[in-house]
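Working notes for the structure below.
When a ligand or atom number is given, it counts from 1 through the structure's own listing order. Everything numeric in this text was worked out from a predicted model, so none of it was measured. Numbers for residues simply follow the sequence, beginning at 1.
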Amino acid sequence: MLRYLRPCLYIRSVQELDLRALTARGIRAIILDLDNTLIAWNAEESRSDLVEWVRGVRSAGFSVCIVSNNLAERVTRFSRLLGIPAIPRAAKPRRSPFKRAMQLMGSTAQETAVVGDQLFTDILGGNRLGLYTILVVPLDRQEFFLTRLMRKLEGWTLDRLEARGWIRRPPRPEG
Ligand SMILES: [Mg+2]
C-alpha cells in the first residue's frame with residue numbers, strides 16, 4: 001500500500017517543475033490538480049503568474065488538463081480562465097477521471113504526469129495507473145474539514161516514506 005502512495009517526485013510548487021526533465025522522460029501531458037496545487041483552496045482570485053505559468057507549459061509542448069474533486073462551477077471557471085480542459089467532481093483516487101483526461105489529451109500513461117498536493121487522491125490515483133506522480137506542498141493550510149483529517153494521515157505516511165528513503169521533503173524557501 002505504501003508503495004502506491006509514493007510520489008515519483010516531491011517539489012515545493014508547480015513553478016518548480018522542471019519541464020525539460022519531464023520532456024526528457026518522454027512526458028508530454030500533465031494532469032493538474034486545482035485546489036492547493038494551482039490555487040489556494042476555495043480562493044477566488046487568480047494570480048496572473050499562474051496564467052503565465054500555464055501558458056509557458058503549453059508553449060513548451062505539453063498538453064494540460066485539470067482534474068479536480070471540487071464542484072463543476074468552480075472548476076469550469078478556472079478552466080475557462082486558463083484556457084485548458086477540466087474534469088470536475090473527479091472523485092480521485094478513482095481511475096476513470098485520469099483516464100478521461102488522458103483521452104482528452106491523447107496521451108498514454110507513460111506520457112502523462114500528474115501534479116497534486118494530496119497523497120490519497122492525486123498521488124494514489126496517478127500511481128494506480130502508472131503515471132509519473134508529482135507531489136507539491138499545499139498552497140494553503142485552510143482546507144475542507146475532511147481534507148484536514150486526511151492531512152494527519154498524510155503526514156504520518158510522508159514520515160514513513162521518508163524513513164524508507166523513498167522521498168525527500170523539499171527544502172523550505174529561504175527567508
Ligand atoms: Mg488539491
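Counting only protein N, O or S atoms, 3 lie closer than 2.8 Å to the Mg ion (ligand 1).
Side-chain N or O atoms of Arg164 include none that pairs as donor or acceptor with a backbone N or O of Leu2 at under 3.5 Å.
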Side-chain polar contacts of residues 93-105 - donor-acceptor pairs under 3.5 angstrom, sequence neighbours left out - could you list them?
| residue | atom | partner | partner atom | Å |
| --- | --- | --- | --- | --- |
| Arg94 | NH2 | Ser96 | OG | 3.1 |

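Here the options are Val64, Val14, Ile123, the test is side chain to side chain contact (heavy atoms under 4.5 Å, CB included), and the partner is Val115; only Val14 passes.
Residues satisfying the salt bridge (Lys or Arg N to Asp or Glu O under 4.0 Å) criterion with Arg28, sequence neighbours excluded, are Glu111. Every residue two or more places apart in sequence or in another chain that forms a side-chain contact (heavy atoms from CB on, under 4.5 Å) with Ile27 is listed here: Leu22, Arg25, Phe62, Ala113, Tyr132.
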Q | Stepwise side-chain contact (heavy atoms from CB on, under 4.5 Å) check, Asp117 with Asp122 | A | CA-CA 7 Å; Asp117 68 297; Asp122 307 304; 3.9 Å; yes
